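Encoded as structure tokens, the structure appears first; notes follow it.
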Amino acid sequence: MDYDFRKIESKWQALWAEKGTFKAKEDSGKPKYYVLDMFPYPSGAGLHVGHPLGYIASDIYSRYKRLKGFNVLHPMGYDAFGLPAEQYAIQTGQHPEVTTVNNINRYRQQMDRIGFSYDWSREIRTCDPAYYKWTQWAFLKMFGSWYDNDADKARPVEDLVAAFEKGGSAAVNAACSDHEPFTAEQWKSFSDKEKSDVLMNYRIAYQGETAVNWCAGLGTVLANDEVKDGLSVRGGFPVEQKKMKQWQLRVSAYAGRLLEGLDRIDWTDSLKEMQRNWIGRSFGCEAVFKCYNGETEHDVTIFTTRADTMFGVTFMVLAPESDLVDLLTTPEQKAAVDEYVAAVRKKTERERISETKTVTGVFSGSYGINPLTGEKVPVWISEYVLAGYGTGAIMAVPAHDSRDYAFARKFNLPIIPLIEGCDVSEESFDAKSGKMMNSGFLNGLDVKEAIPAAIEYVEKHGIGHRKVNYRLRDAIFSRQRYWGEPFPIYYKDGIPTPVPFDKLPLMLPEIDEFKPTENGEPPLARAKDWTYEGWPLETSTMPGFAGSSAYYLRYMDPSNGDALVDRKVDEYWRDVDLYIGGTEHATGHLIYSRFWDKFLYDLGYVCEDEPFRKLINQGMIQGRSSFVYRIVGTNKFVSCGLKSQYETTEIHVDISLVRNDRLDLEGFKAWRPEFADAEFVLENGEYVCGWAVEKMSKSMYNVVNPDNICNDYGADTLRLYEMFLGPLEQSKPWDTKGIDGVNRFLKRFWRLFFNGDELAVSDEKATPAELKALHKLIGKEQEDIENFSFNTTVSAFMIALNELSDLKCNKREILEPMTILLSPFAPHIAEELWSVLGHEESISFASFPEYHEEYTVESNATYAVSFNGKTRFTVDLPKAMDKAEVEAEVRKMEQTSKYVAGGSIVKVIVVPGKIVNIVVK
RNA sequence: GCCUUGGUGGUGAAAUGGUAGACACGAGGGACUUAAAAUCCCUUGGACAGCAAUGUCCGUGCGGGUUCGAUUCCCGCCCGAGGCACCA
């Protein structure tokens, strides 16, 4: 009987679906294991072979864990709100929901063909009202909460109001936006509108005026992680800084916990490092410099991590956007300052980035007093100081900071070196080492001692206090788009008011066009009667990351209408044990999700404060493009090896026309009309194409669709091959060169069971050699899967198969466990063979074979031994031995020089006089 | 500039201190076949010696170091990939 993968695969896929084989139930009798893939955004292009890489890995792990006796939750869904569907809608008028549903159906079909063990009864879509009800619910909870820095957790706003009534703003230590302090009496005298405005400074989901990333090309604002190099990540449109009132999430309140939580989770170092950089903790101190503009005095607070360098301050700098600019600009300087600030404001983010090297600035006219020395220093304004970080004002120490140095050089400001022996004639000395000088009470101290000493001094003399700053900013949470979750907020007399929980979900309204309105309002302003109880509703929608932040919780209890997740159910599944996805989400989704989870944890809705225990980043699969070389001015194409003899242009050729770098000449002629009469210069009768590794994309004709592989080789081959390609975490080009190898492996494995059309599995007892091959594989597979080293597991299968083929093994005692071992990797063929062996139940309910080391150890082995790396002799061991026995045996031989004994069980390494190492394999 | 990675045959790769190149692809040779496909077997890092079995030397980006022994650990370079980048 031949291995007919098409028949087998469709048969088992249908049976799994019909029987609900992979349905997960809460079962306290078994340990739980939650394996999650980052759910895809269903794009119009469908899946390419890169997408399933991580899904295959997580599927193998899920199936392995099931065999190991775990109750596995392995769900899948769709991140269905997003820009591409909406852009498409604007162009074509097609409702984004229609496009999205079509794409989802296509994705589902493609995924089903690969034979994943998802529990599809738990599928979620972020655009489904039953789902986004809980996104809106979480938003309202954040709206109704504030962050208590003393308790280090979120608390309900009611507590805050109670505190205000007792003691005004001084009664709490909260994470909040800048605002004027107030007393209890003032609070009580505030109008409803005023109270609402004050509370807005404290809410975790709040509305605030800040500089946002405005993308005119997309007509919306974007979060920091959605902007790269001054361009939008989606679409690549330029982004500018603009002051706007937007919904934001107070993620910054959680900066410390987000940082500290990284120490408790099993993620790669590089990913943790990325998050640490993004959060950007720095410890230093704030200090007040009194500044005088000729008429009035103003306190300017600066932040520094180098308090030790305060004696070297020769000027101060304000960010152009700082509120202090107006206060400290003198009348004589006003014209120059206005011009400078206006010029800075006009620049796009991209221009600012590309001009980092050029130093610009303007003098404000004011002077500040160095609180340590009493010296007078000029106050400048420059764009190299950022309004959004620290206090938007700095003390400049040109001798020990390269940016201050460049500025001082450009504007001829003095430079005072503070560290003995440092040379600041050409560049600043930024290193935190050396002995202090020119620094009063700090003289003679090492920098490492001087920093805390200076901070202590500053605190003691009331100049300032120690302070931790984070780079992490609050997340901009509104988008001026249609295809997203509506905010459950309406404006009652202009006061943002939550829609009551029992009215959720607030459904996305139908509109006839998806563009912004003529006067620039978001598309939702087009909706008829977009009001709640007669009051206008918010017209922005939530960003893409809203729906993906807590989706892993919803899978636990996907159809619960009363809670995001039932408390009992959450206590069973708790958190994601294994999360697999791309590294591109390091500073977006993976930060937001952790923040969201910690918030829900604070309010007692979930029981774990980190959502993803272990995280693996699968590498990217790149495309391998093929080229043909056209001789310039002709329609003649020259084979790659001969192209240096001609002047040629390189042309991308569709990779479906190329096999093993050989071009299908007839196919090429038929590909495009202009190549119909192409001529070729061949080498050895073939046309060899050139190649390059590039991103997989339509325009480079290098996209490989998994469906084609499933048609030609089958899903099991695809699964094995994607794993065989190399280490999971490594990026690699897609290349079908080796696919025949794994396909051959499956065919050979199949043939072990049959003799012609007859089942030829014998019930004879297995020989020691056969058991050895099997148990070597069990041991290897167990170890490799736990380490996510799937490529070497596939190799181990091939080795085992080679050994068993040599032994002509067809024994049930061996083949049955082999089939179980294979089932996580190639589930269809394993199911088929399992049923051929007479089993009625799915192989998923089998148990992983037990590993016995003694089967892999042989007695009476002979070892080759090399002596001084030269002479060889053999050692016969009378029986299987442990380390100590071997050691005794070797000592008997009285070798005094180094020798190495190697063999299938033991390696003995001896240097003169002693045994260095013995490895028992 | 800073951080994180990686660099091994014609190719994908394995080995994490102990016989470098497992396994697979490709290539070459052979068997079966009227033929092809499929399948199976042998060879395959380089150099040298030998009719041969085989032997010797070199070899994991480059240069040092630690060690009886280094692809693996340490120091300094070179190159590639990814991330961050006026964060005071």
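Here is the naming used below: chain letters follow the sequence lines, and residue numbers restart at 1 for every chain. All figures in this text were calculated on a predicted structure; none of them were measured in a lab. The figures that follow rest on heavy atoms only: side chains count, while hydrogens, waters and symmetry mates do not.
Using a 4.0 Å heavy-atom criterion, one finds that A/Ile394 contacts the bases of the nucleic acid, with or without backbone contacts as well. Residue contacts for A/Asn469: at a heavy-atom cut-off of 4.0 Å it reaches no nucleic acid atom on any strand shown. Residue contacts for A/Ile799: at a heavy-atom cut-off of 4.0 Å it reaches the sugar-phosphate backbone alone, with no base atom in range. Within the nucleic acid shown, A/Pro727 comes within 4.0 Å of sugar-phosphate atoms alone, with no base atom in reach, counting heavy atoms only. Nucleic acid contact for A/Asp404: none, since no nucleic acid atom lies under 4.0 Å from a heavy atom of the residue. Within 4.0 Å of A/Phe724, counting heavy atoms only, lies at least one base atom of the nucleic acid. Across all strands, A/Arg276 comes closer than 4.0 Å to no nucleic acid atom at all (heavy-atom distances). Here A/Val385 lies in heavy-atom contact (under 4.0 Å) with a base. Heavy atoms of A/Ser270 sit under 4.0 angstrom from primed sugar atoms or phosphate atoms, though from no base atom. Within 4.0 Å of A/Arg281, counting heavy atoms only, lies no atom of the nucleic acid at all.
Using atom C1' as the reference point in both B/C41 and B/G59, the two lie 30 Å apart (nearest Å). Between B/U71 and B/A15, the two P atoms lie 16 Å apart (nearest whole Å). For the C1' atoms, the distance from B/U67 to B/G17 is 9 Å, rounded to whole Å. Rounded to a whole angstrom, the distance from the P atom of B/A31 to that of B/G7 is 42 Å. Rounded to the nearest Å, the gap between the C1' atom of B/U8 and that of B/A22 is 13 Å. Taking the C1' atom of each, B/G21 and B/A13 are spaced 9 Å apart, rounded to whole Å. One P atom belongs to B/A36, the other to B/G50, and the distance between them is 39 Å to the nearest Å. Annotation: B/A52 and B/U43 have their C1' atoms spaced 16 Å apart (nearest Å).
Going from atom CE of A/Met723 over to atom P of B/A24 covers 19 Å, rounded to whole Å. For the pair A/Glu584 CD and B/A81 C1', the computed distance is 15 Å after rounding to whole Å. Atom pair A/Leu386:CG and B/A88:P shows a separation of 10 Å (rounding to whole Å applied). Following rounding to the nearest Å, A/His400 (NE2) and B/A88 (C1') show an atom-to-atom distance of 14 Å. Note: CD (A/Gln622) to C1' (B/U11) measures 16 Å, nearest angstrom. A straight line from CG of A/Leu752 to P of B/C40 spans 11 Å, rounded to a whole angstrom. At whole-Å resolution of the value, CG in A/Asn787 and C1' in B/A15 are 14 Å apart. In this structure, the CG atom of A/Leu801 is 13 Å from the P atom of B/U39, given to the nearest Å.
OP1 or OP2 of B/C40 has at least one side-chain nitrogen or oxygen of A/Arg748 nearer than 4.0 Å. Phosphate proximity of B/A88 to A/Tyr384: absent, as no side-chain N or O sits under 4.0 Å from OP1 or OP2. Note on A/Arg744: a side-chain N or O is less than 4.0 Å away from OP1 or OP2 of B/C25. Between A/Arg471 and B/A85, a side-chain N or O to OP1/OP2 separation shorter than 4.0 Å is present. Here A/Asn802 reaches the OP1 or OP2 of B/A24: one of its side-chain N or O atoms lies under 4.0 Å away. Residue A/Asn791 places at least one side-chain N or O under 4.0 Å from the OP1 or OP2 atom of B/A14. Put simply, A/Arg751 has no side-chain N or O that comes within less than 4.0 Å of OP1 or OP2 on B/A38. Side-chain N/O atoms of A/Gln275 include none lying less than 4.0 angstrom from OP1 or OP2 on B/C84.
Candidate nucleotides B/A88, B/C3, B/G26 were compared by shortest atom distance to the side chain of A/Thr305, and B/A88 ranks first. Which of B/A38, B/U11, B/C23 sits closest to the side chain of A/Lys737 comes down to B/U11.
Regarding the sugar-base torsion, B/G9 falls in the syn class, its angle being within 90° of 0.
Shown here, B/C2 forms a base pair with B/G83; the pair counts as Watson-Crick or G-U wobble because both key distances fall under 3.5 Å. When Watson-Crick and G-U wobble pairs are counted only if both distances are under 3.5 Å, B/G26 pairs with B/U44. Remark: B/C32 base-pairs with no nucleotide; criterion is Watson-Crick or G-U wobble with both hydrogen-bond distances under 3.5 Å.
Listed by first and then second residue, the salt bridge (charged side-chain N to carboxylate O under 4.0 Å, His left out) pairs that reach into residues 384-394 of chain A come to none, sequence neighbours excluded.
Side-chain contact check for A/Gln622 and A/Ser731: no donor-acceptor pair (N or O, by modelled atom type) lies under 3.5 Å.
A donor-acceptor distance shorter than 3.5 angstrom exists from the side chain of A/Asp430 to the backbone of A/Ser402, with no hydrogens or angles considered.
Taking the nucleotide of RNA chain B with the nearest heavy atom to each of A/Arg306 and A/Met274, the more 5' of the two is matched to A/Met274. Position along RNA chain B of the nearest nucleotide to A/Gly741 versus A/Lys732 favours A/Lys732 as the more 5'-ward residue.
By the 4.5 Å heavy-atom criterion applied to side chains, A/Trp734 and A/Leu53 are not counted as neighbours.
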For residues 307-322 of chain A, tabulate all N or O donor-acceptor pairs below 3.5 Å that involve a side-chain atom, not counting sequence neighbours.
residue	atom	partner	partner atom	Å
A/Asp308	OD1	A/Arg306	NE	3.1
A/Asp308	OD2	A/Arg306	NE	3.4
A/Asp308	OD2	A/Arg306	NH2	3.1
A/Thr309	OG1	A/Arg306	O	2.7
A/Thr314	OG1	A/Pro414	O	2.9
A/Glu321	OE2	A/Arg352	NH1	3.1
A/Ser322	OG	A/Leu324	N	3.1

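When the options A/Leu777, A/Leu752, A/Ile778 are evaluated for a side-chain contact (heavy atoms from CB on, under 4.5 Å) with A/Met818, the one that passes is A/Leu777. Checked against A/Ser789 for a side chain to side chain donor-acceptor pair (under 3.5 Å), the options A/Thr793, A/Thr792, A/Asn787 give a single hit: A/Thr792.
Taking all atoms of both residues into account, the shortest heavy-atom contact from A/Lys432 to A/Ile451 is CD-CD1, 4.4 Å.
A perpendicular orientation is assigned to the rings of A/Trp380 and A/Phe407, their planes being inclined by more than 60° (bins at 30° and 60°).
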